[in-house]
Amino acid sequence: MKVAVLGGGPAGLYFAISLKLRDASHEVTVYERNKPDDTFGWGVVLSAETLENLTRNDPVSATWIKRYFAYWDDIAVIHKGVRTLSTGHGFCGIGRKRLLLLLQRRARELKINLNFETEISDPKPFMETHDLVVAADGLNSRARTAFADVFKPDIDVRKCKFVWLGTHQKFDDAFTFIFEHTEHGWVWAHAYQFDQDTATFIIECSEETWERFGFGGMSQQESIAVCEKIFAKHLGGHPLMTNASHIRGSAWINFPRVLCERWSYKNLALMGDAAASAHFSIGSGTKLALESAVALADYVESEPDLEAAFRKYEDARRTEVLKLQSAARNSLEWFEDVERYFELDPVQFNYSLLTRSQRISHENLRLRDPEWLGDAEAWFHRRAGSRDNLRRAPMFAPFRLRDMELKNRVVVSPMAQYKAVDGCPTDWHFAHYAERAKGGAGLLYIEMTCVSPEGRISPGCPGFYAPEHEIAWKRLVDFVHAETEAKICAQIGHSGPKGSTRVGWEEDNAPLPSGNWPVMAASAVPWSPQNQVPKAMDRADMDMVREQFIISAEMAARCGFDMLEIHAAHGYLLSSFITPLTNLRTDKYGGSLENRMRYPLEIFHAVRAAWPAEKPVSMRISANDWVGIEGVTPAEAVTIARMLHDAGVDICDVSAGQTSIRAQPVYGRMFQTPFSDRIRNEVGMATMAVGNIFEPDHVNSILMAGRADLVALARPHLSDPYWTLHAAVQLGDREVKWPNPYLPGRNQAYRLAERNATMGLKV
Ligand SMILES: Cc1cc2nc3c(=O)[nH]c(=O)nc-3n(C[C@H](O)[C@H](O)[C@H](O)COP(=O)(O)OP(=O)(O)OC[C@H]3O[C@@H](n4cnc5c(N)ncnc54)[C@H](O)[C@@H]3O)c2cc1C
Ligand SMILES: Cc1cc2nc3c(=O)[nH]c(=O)nc-3n(C[C@H](O)[C@H](O)[C@H](O)COP(=O)(O)O)c2cc1C
């Protein structure tokens, strides 16, 4: 086969090598616009796993590369003048120039034609004269642009500015992150050693800070002089260096995240940065490039034709690339929003940085550096008021809201049971909630309990509007208080436009086959075309519903509930006021956010006045309508939360969505937690995170990183009422209290867990 490789970076060279190794009869030519030894950039980071892949593919070049590797285990974070060090991270790095020179040498050895100083502006002539063309021409790929209508590139130019520099200052003991506060804002550096006497020094800051410094109008040398001043105390007198003198201007850029719908067209395939880029903060661009090169070489050899090879290449690599890009997105967003975290204590700031990509979990950190993690846990417990130096998982730290003292941070999220009769909870509710109260969580919610018969979602929803409701709920609350250490929270709400619908396991939010009752909402906007058109509430309706909320709060208080939550999420009545998607009012309750929040806040103030002063009140909100800027966005949710905080709401229960059938939620592990993180750290109020959080590891990392104060789990508590007790067994934590009659079960559970652990089985 006659093969042209456009671009002699890591992807292009390594593909050429890998293909030749599989079949030496191929005629392979690499076209590179630069000279052999004027490759720009500094060090690249590779993982042990990538090294193994390289060794399997070509032991010769892998051995050469390994010889030049700089290894380091530690990560140092310098923040507020404090240097925090953790170990066990295992990186290795090599100079980009060194790597390319070694790959060029190997390519020559394998009789690959290397054409330097050859700029390729159009891939089409190559496609006509060659059997296979691989476009590995980097981030700004000309080949990708030439067929943009086929590849459909999606290029997301990110917010921060960065510049890639080097220095002879030693950073050989740790990958070092340095955060410096300047008169123009925060500037930070990612520094790592890649050979005997050189380290990469990437400097990054927000666009606003960059503007204030005026970096855009500076030459590279001027900009470097300013950076040397900013980081003077970390550079030990060593200058910062650029090797991008071919670039005009200051060489600062915004990172472009590249994603393409397709990676191949006819006989041309995209590879490396040309196809997909990964932010430098997770150091995986070169890894992606090299591993994609191996995959394509494999399939070109194993498949009968190029079409099949390209199909397999895309199938195999796309998932890997998307996974890394997702981790890279989390990581780059952390840096974009880093100013939000500067108020955190250095311990928590460090933890937040280490777990930013969400690839490293709490237990993963324990494996890397048990000492450091133990100290961090002790810090967390000290702050939470646990006894001194307690090294327990953060989920077992107490939490206080007003006079309510929770024994731990796990919450059983509210979940409708649809088992009430005429609004009255039944034995089902008693048995269901009593089990979960015994299960070890610090706080147990009852489901949305409705303030009126018309405010129910379905005929199976419970209420707080008749004396028998109060009797039934009080029986449960008394049991929980007498037999367990859990606290219990009543969630009160009104279904609004989503009322008069079937029970959950029939058809969610579908109207009843018969016996529908009239519904009301902020505006006459139905939930879906098949739902009733609600009545737009007038002032009399608003007064009536406010009175109903007060009566329900008073009932909950008499029952002895420890906490009250007002449900203002998920498209129900109060949520229908907050989201502009369903609030079309033109009076003082519609339009601006201040107006849309007016009625929900009125309800809060009325409820707060009726609820015992020593007990907390929470509000649950949908922090994202998932419809873009037409609805509530995570940024607007911060303003909503600030209004709640100012009004005296004790904690914001941060849910999302279910406010529009047009929503396009992006699901994933802990997918709503970023909204809680943002509210907690921008507003400075207590938050509860919820949504696809199902492992103890998730709970601990959310708490330890300061992304929420409490963590609610819903569905995991349906499949396991004793989720918290079982989490303690899994973590080997023996301080959790089990109900006395269950002690023999506890003893067996710990014994089995220990036995499994010694046999290397998952607990
Ligand atoms: C200037 C630069 C410096 C970098 N420095 C670092 C670093 O220090 N550390 C790190 O971890 N990552 C660095 N990266 C990013 C990382 O190296 C990439 O993710 C990785 O190199 C991807 O490999 P690639 O072969 O796909 O692309 P690249 O490494 O970008 O290679 C593409 C090659 O194609 C050549 N090329 C582009 N257009 C044409 C054309 N029209 N005709 C002929 N040749 C062309 C380029 O000169 C380049 O050699 C750098 C990237 C660049 C572009
Ligand atoms: C069966 C079921 C019923 C629910 N009922 C309520 C409810 O009454 N009030 C509420 O605010 N959220 C309700 N939710 C949402 C949950 O509280 C939680 O926010 C959501 O399920 C995401 O958490 P998870 O991923 O842990 O399940 C319900 C969820 C489920 C699965």
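Read the numbers this way: they start at 1 and go in the same order the structure lists the ligands and their atoms.
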Which of the ligand 1 atoms, numbered from 1, are nearer than 4.0 Å to a heavy atom of D137: 32 (C), 34 (O), 37 (C), 38 (N), 39 (C)
Atom indices of ligand 1 within 4.0 angstrom of G138 heavy atoms, with elements: 27 (O), 30 (O), 32 (C)
Within a distance under 4.0 Å of any heavy atom of W42, pick out the atoms of ligand 1 and give their elements. 7 (C), 8 (O)
Please state which protein non-hydrogen atom is closest to atom 28 (C) of ligand 2 and give its distance, to 0.1 Å? P414 O, 3.6 Å
Is the F162 ring parallel, tilted or perpendicular to the F280 ring (thresholds 30°, 60°)? tilted
Can you confirm, on distance only, whether ligand 2 has an N/O atom lying under 3.5 Å from any N/O atom belonging to S413? yes
Check: A11 N/O within less than 3.5 Å of ligand 1 N/O: yes
My understanding is that we take every heavy atom of each candidate and find the minimum distance to atom 23 (O) of ligand 1. Doing that for A136, G166, P10, G272, which one comes out nearest? P10
Should you measure from each heavy atom of G691, which atoms of ligand 2 turn up under 4.0 Å away? 22 (C), 23 (O), 25 (O)
To check your reading of the model: name the closest protein heavy atom to atom 3 (C) of ligand 2, its residue, and the distance in Å. A416 N, 3.1 Å
Close-contact set for ligand 1 against G285 heavy atoms, below 4.0 Å: 19 (O)
Ignoring angles and geometry beyond distance, decide whether E565 reaches within less than 3.5 Å of ligand 2 through its nitrogen or oxygen atoms. no
For H567, atoms of ligand 2 separated by under 4.0 Å from a heavy atom: 9 (N), 10 (C), 11 (O)
Under 4.0 angstrom from ligand 1, any heavy atom of T286? yes
For the CG atom of L99 and the CG atom of L103, what is their distance to the nearest 0.5 Å? 4.5 Å
Any luck finding a side-chain donor-acceptor pair between D625 and S660 under 3.5 Å? no
Aromatic ring proximity H89/F175, centre distance under 6.0 Å: no
Measure the CZ-OG distance between F694 and S719 for me, rounded to the nearest 0.5 Å. 11.0 Å
Could you tell me if the ring centre of F335 sits under 6.0 Å from that of H190? yes
Between P716 and ligand 2, which residue portion shows a heavy-atom distance shorter than 4.0 Å: side chain, backbone, both, or neither? side chain
Please round to the nearest 0.5 Å and tell me the distance separating atom CG of N254 and atom SG of C160. 8.5 Å
Shortest heavy-atom approach to atom 9 (N) of ligand 2 - which of E447, Q491, M688: Q491
Given Q658, R620, M448, which has its nearest heavy atom closest to atom 19 (O) of ligand 2? R620
Proximity of L713 to ligand 2 by residue part, where a heavy atom lies under 4.0 Å: backbone
Euclidean distance, S292 OG relative to R317 CZ, rounded to 0.5 Å: 3.5 Å
Just jot down the ligand 1 atoms closer than 4.0 angstrom to any heavy atom of D273, in number order. 18 (C), 19 (O), 22 (C), 26 (O)
Polar atom proximity, A712 to ligand 2 (N or O, under 3.5 Å): no
Ring center gap for F675 and W626 short of 6.0 angstrom: yes
Need the ligand 1 atom indices (1-based, order shown) with element for anything under 4.0 Å from a heavy-atom of G43. 7 (C), 8 (O), 9 (N), 10 (C), 11 (O)
Which atoms of ligand 2 have any heavy atom of R715 under 4.0 Å away? 24 (P), 25 (O), 26 (O), 27 (O), 31 (C)
Below 4.5 Å, heavy atoms only, C-beta onward: do H494 and I603 meet side chain to side chain? no
Pair Y433, E447: side-chain N/O donor-acceptor within cut-off below 3.5 Å: yes
Under a 4.0 angstrom heavy-atom cut-off, which atoms of ligand 1 come close to T118? 42 (N), 43 (C)
Only heavy atoms count here, so choose which of N34, L6, I120, T145 is nearest to atom 41 (N) of ligand 1. I120
Taking atom NE2 of H168 and atom CD of Q193, what is their separation to the nearest 0.5 Å? 10.0 Å
Is there a heavy atom in L288 that sits closer than 4.0 Å to ligand 1? no
In terms of ring plane angle, is the pair F464 and F561 parallel, tilted or perpendicular, where the classes change at 30° and 60°? perpendicular
For a quick check under 3.5 Å, do Q417 and W428 share a side-chain donor-acceptor pair by atom type? yes
Option whose closest heavy atom lies nearest to atom 10 (C) of ligand 1, chosen from W164, Y14, F280: W164
among protein heavy atoms, the one nearest atom 2 (C) of ligand 2 is M415 CG, 3.7 Å
Short N or O distance, L718 and ligand 2, threshold 3.5 Å exclusive: no
I need the nearest protein heavy-atom contact for atom 21 (O) of ligand 2: residue, atom name and distance, please. A714 CB, 3.4 Å
Value for CD (E119) from CG (N34), rounded to nearest 0.5 Å, stands at 8.5 Å
Would S281 and S331 count as having a side-chain donor-acceptor pair, cut-off 3.5 Å? yes
Heavy-atom count check: over 12 atoms from other residues, nucleotides or ligands less than 6.0 Å from R669 CZ? no
Does V690, backbone or side chain, put an N or O under 3.5 Å from an N or O of ligand 2? no
With backbone taken as N, CA, C and O and side chain as the heavy atoms from C-beta onward, which portion of R96 lies under 4.0 Å from ligand 1: side chain, backbone, both, or neither? side chain
Just jot down the ligand 2 atoms closer than 4.0 angstrom to any heavy atom of N692, in number order. 24 (P), 25 (O)
Does the side chain of D137 come under 3.5 Å of the side chain of S141 through a donor N or O and an acceptor N or O? yes
Beyond-backbone contact of Y445 with S618, side-chain heavy atoms, under 4.5 angstrom: yes
A289: numbered ligand 1 atoms lying under 4.0 Å from its heavy atoms: 22 (C), 23 (O)
Polar contact flag for I693 and ligand 2 (N/O pairs, less than 3.5 Å): no
